[in-house]
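Quick notes on the structure that follows.
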Amino acid sequence: MRLLLAAVLGLALSAGALTAEAQVQADQVCSIACDTLDPSKAQEETFPVPEKVINGRHVVLHVSDKDAMAWGSIDGGTTNDAVWLDRSWDGGATWDGLLGKARIPSGWTGTRTLMYNLADPASHRRGLIRACGDAAGVDCTAWVHTSVCAAACDGSDGPVGDNQPVPSTTLSNRTISLHVDNRGMAWGTIANGTAGDEIWLDRSWNEGSSWPDASSLGRTSAGSGATSASTSLYATSDPLSKLYGGAVRACGRAVEGQNGACTAWARPATDRTGAAADALMYSYQPYTAWWLSSWWNSAVAVTTLMDYQQRTRRTDLQWIVNEVFEKNKGVFPAGVKSGDALEGNFVSRAIDDTEWWGIAWVEAYDLTGDQRYLEMAVAIANYVQGYWDTGTCGGGVWWDRERTYKNAVTNGLYIRLTAALHNRLAGDTVWLQRATTGWNWFKASGMINSAGLVNDGLTGSCANNGQTVWTYNQGLAIGGALELWRATGDSSLLAEARRLGDAAMSSSMLSPGGILSESCDAAGNCDDNQKQFKGVFMRYLMDLSDSTGDASYRTYGQLQADSIWQNDRDSLNRLGQRWAGGGVRDWRTQASALSGLLAATSKS
């Protein structure tokens, strides 16, 4: 009966519409919040499409772009009049109907639905939503946000620059090309053809696996007497929907045949660091506010994105800082976000994991000026201080709660964190004393070997254990010395930071051929932790470059950035483990390489 009524009205419901009420829980979408949020919690209320009047009843679509969610309402009605939302994942061709369906109760004249997400970032889907009503007749508003807007909106003209990120393809002697401007807007061209040839773009939000909502964008035919044609410009990211790093390709068809041809998929590269940051954001999970499966790595990833924002003055990613803070500061059982239980305020049995989050919140304070981030960093540092122990090896922070190991990473982080707190807390003396004591102990511990390289830790008898020189330990030693130098003005600390940096750059082990390498790179067996080590080194080498103004450090950073971009990048701007070329690619290698690119940039 419902399908018959819909057909009469020209509003044929999708095949799943009749069961949508039963499917809502199974298909629930979560972005910043999950579907069925109460509209009273909306951060804003806008009305971007005209209301629909059905037999005197007013059906309205309400949208909060700040939440990337929408809800519907019906007013001026009678008992049992209904309102619901339709949501489409394929540009409005089909849809899930009856979302949040609500009927007007007896004695009332209106009602509203709950809120539903406009997009599904975790699954890389962009949606459209409309409000529909049943009031002795069924009708719907227009779909909202049918066009994507970033630097400019879909369908605009006037490119700013012209780059071709992938090779052109040919079809019956025609040349089909994908173009990208300096803002990340894309268009396609077909040349060397004849009237009636066609050109269009496909846009994918899942790296080219599918493109259900954006096929044949800007489809254009060559006019009479013309030998070429061009599409309009189309956006390749959708910040409103929390969809970053969209991929596009150009496709064309010759007039004398039905076959078409397409270029490879590409992500636009507005600039190196921007392209790398967007590709990193592709793997970010807005609802859980982290990058899946790695707890400390997520702390480093968000810190890297904050470095990027500080460096470039980009502001459209600042929203993630609050999200990561609020959604991760609670208690989580072991196995949810870490192999260890998380006990609140980013504390766990792994002392170094906890410290990475302390470093992140210092950076968040620097980026935003928000005092709660600095307060969290202090709380974390107070927890860590409980594991400073002079009873074994005369000092140092234990690596874990079980007090099994004293190593470079935990103590490098401790020095950087405590000195950073002193430099941000007016009138402090306590954190300065701790940072100074920490550095003096670390330098005397023997973990810095005769070549100026940092081995992993100490033996049970408190000697250098000779284990692997990991790049992140080298970087943290530089970072700790620099932050304490800023606190004290002691020139010997700056000299030590330079010695550590110079040793790494000249080491045939760490910089073979001048390109920073991890000991596991050549064999291709770096684990998920080791994938991110080089980025930590580059973060603190960037600090050394900024602090000294020595061109050799910026030159080294530029060499890394050039090699990453030229040898370790694919057409989707995914950056891999081996900066000289090759190796696995995932979000950890992406974050690490982003730090490599940042080290070649000037400080704003």
Side-chain angles (χ1 to χ4, degrees), residues 150-151 160-161 163 165 180-186 235-237 239 242-247 266-284 291 297-298 300-321 324 360 363-364 366-368 475 515-516 531-546 553-579 585-604:
V160 181
N163 309 289
V180 177
D181 78 359
N182 298 334
R183 304 167 299 165
M185 301 297 292
T236 52
S237 66
K242 312 302 185 218
L243 292 169
Y244 298 87
R267 278 192 181 116
T270 53
D271 60 80
R272 291 179 174 186
T273 58
D278 282 348
L280 177 57
M281 284 298 297
Y282 177 83
S283 299
Y284 176 73
W291 286 262
N297 301 70
S298 286
V300 176
V302 75
T303 303
T304 302
L305 282 174
M306 289 188 283
D307 283 341
Y308 166 67
Q309 292 175 77
Q310 289 261 50
R311 212 89 185 152
T312 64
R313 299 302 178 193
R314 181 170 166 179
T315 60
D316 62 308
L317 295 179
Q318 280 200 21
W319 63 273
I320 73 166
V321 179
V324 171
E363 179 78 356
D366 290 347
L367 179 67
T368 68
I515 303 303
L516 188 65
K531 290 173 183 175
Q532 217 157 348
F533 287 179
K534 294 197 296 289
V536 174
F537 174 84
M538 294 307 298
R539 178 176 200 250
Y540 294 113
L541 190 77
M542 179 173 66
D543 188 2
L544 183 59
S545 177
D546 291 342
Y553 302 124
R554 185 57 49 77
T555 298
Y556 183 86
Q558 189 67 55
L559 183 63
Q560 310 314 304
D562 290 344
S563 187
I564 290 167
W565 198 251
Q566 294 162 12
N567 303 316
D568 195 31
R569 175 178 66 103
D570 67 10
S571 66
L572 297 176
N573 301 323
R574 294 177 297 198
L575 309 175
Q577 172 66 32
R578 296 183 63 186
W579 292 357
R585 293 185 175 97
D586 64 16
W587 65 262
R588 300 167 192 82
T589 68
Q590 189 76 24
S592 182
L594 173 56
S595 287
L597 297 176
L598 285 170
T601 64
S602 298
K603 188 175 183 179
S604 292

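Just so you know, these numbers come straight off a predicted model, no measurement behind them.
Side-chain atoms of Asp586 come within 3.5 Å of backbone N or O of Thr589 as a donor-acceptor pair. Checked by atom type and distance alone, the side chain of Ser545 never pairs as donor or acceptor with a backbone atom of Leu541 at under 3.5 Å. Without hydrogens or angle criteria, Gln560 side chain to Trp579 main chain gives no donor-acceptor distance under 3.5 Å.
Residues that satisfy the side-chain hydrogen bond (donor to acceptor under 3.5 Å, both in side chains) test with Gln590, not counting sequence neighbours, are absent from this structure. In this structure, the side chain to side chain contact (heavy atoms under 4.5 Å, CB included) partners of Asp570, at least two apart in sequence or on a different chain, are Leu572, Arg574, Arg585. Residues satisfying the side chain to side chain contact (heavy atoms under 4.5 Å, CB included) criterion with Ala301, sequence neighbours excluded, are Trp291, Gln532, Trp587, Ala591. Judged as a side chain to side chain contact (heavy atoms under 4.5 Å, CB included), and not counting sequence neighbours, Thr555 has no contacts. Not counting sequence neighbours, the partners of Asp181 by the salt bridge (Lys or Arg N to Asp or Glu O under 4.0 Å) test are Arg183. For Ser237, there are no side-chain hydrogen bond (donor to acceptor under 3.5 Å, both in side chains) partners two or more places apart in sequence or in a different chain. By the ring pair (Phe, Tyr, Trp, His ring centres under 6.0 Å) test, Tyr282 pairs with His124, sequence neighbours left out. In terms of the side-chain hydrogen bond (donor to acceptor under 3.5 Å, both in side chains) criterion, residue partners of Thr601 (sequence neighbours excluded) are, by chain and number, Arg311. In this structure Arg267 satisfies the side-chain hydrogen bond (donor to acceptor under 3.5 Å, both in side chains) test together with Glu207, sequence neighbours excluded. With sequence neighbours left out, Phe533 forms a ring pair (Phe, Tyr, Trp, His ring centres under 6.0 Å) with Trp470, Tyr472. Residues meeting the side chain to side chain contact (heavy atoms under 4.5 Å, CB included) test with Arg569, sequence neighbours left out: Trp565, Asn573, Leu575.
One distance of note links CG of Asn182 with CG of Asn163; it measures 5.5 Å at 0.5 Å rounding. Considering OG1 of Thr312 and CG of Asp307, their distance stands at 10.5 Å, rounded to 0.5 Å. Between atom OH of residue Tyr556 and atom CG of residue Leu559 there is a gap of 7.5 Å, rounded to the nearest 0.5 Å. Here OG1 of Thr273 is found 11.5 Å from CD of Gln309. Values are rounded to the nearest 0.5 Å. Considering CD of Gln310 and OG1 of Thr368, their distance stands at 9.0 Å, rounded to 0.5 Å.
Closest approach of Pro268 and Val180 over heavy atoms only: CB-CG1, 3.2 Å. For Ser592 against Gly535, the heavy-atom pair with the smallest separation is OG-N, 2.8 Å. Nearest approach of Gly576 to Asp568, heavy atoms of both residues: O-OD2, 2.7 Å. Nearest heavy atom pair, residue Ser595 against residue Thr304, reads OG-CG2, 3.4 Å. Among all heavy-atom pairs drawn from Gly596 and Ile564, the shortest one is CA-CD1, 4.1 Å. Between Lys534 and Leu516 the shortest heavy-atom distance is CD-O, 3.4 Å.
For the pair Met538 and Leu598, the minimum side-chain heavy-atom distance is 4.5 Å or more. Using a 4.5 Å heavy-atom cutoff, the side chains of Tyr308 and Leu280 are not in contact.
Trp319 and Tyr244 have parallel rings, their planes meeting at less than 30° on a 0 to 90° scale where 60° marks the start of perpendicular.
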*Given the rule in the side-chain contact (heavy atoms from CB on, under 4.5 Å) test, do Thr303 and Arg539 qualify, once you have shown the distances and angles that lead to the verdict?*
CA-CA 10 Å; Thr303 303; Arg539 178 176 200 250; 3.4 Å; yes

_Audit row: Leu594, Leu305, side-chain contact (heavy atoms from CB on, under 4.5 Å) steps and yes/no_ = CA-CA 9 Å; Leu594 173 56; Leu305 282 174; 4.1 Å; yes

_side-chain contact (heavy atoms from CB on, under 4.5 Å), that's the test. Do Asp546 and Arg554 meet it? Break it down for me._
CA-CA 9 Å; Asp546 291 342; Arg554 185 57 49 77; 3.2 Å; yes

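Between Arg272 and Asp562, at least one side-chain nitrogen of the basic residue sits less than 4.0 Å from a carboxylate oxygen of the acidic one, meeting the salt-bridge criterion.
Note on residues 589-598: no pairs pass salt bridge (charged side-chain N to carboxylate O under 4.0 Å, His left out), not counting sequence neighbours.
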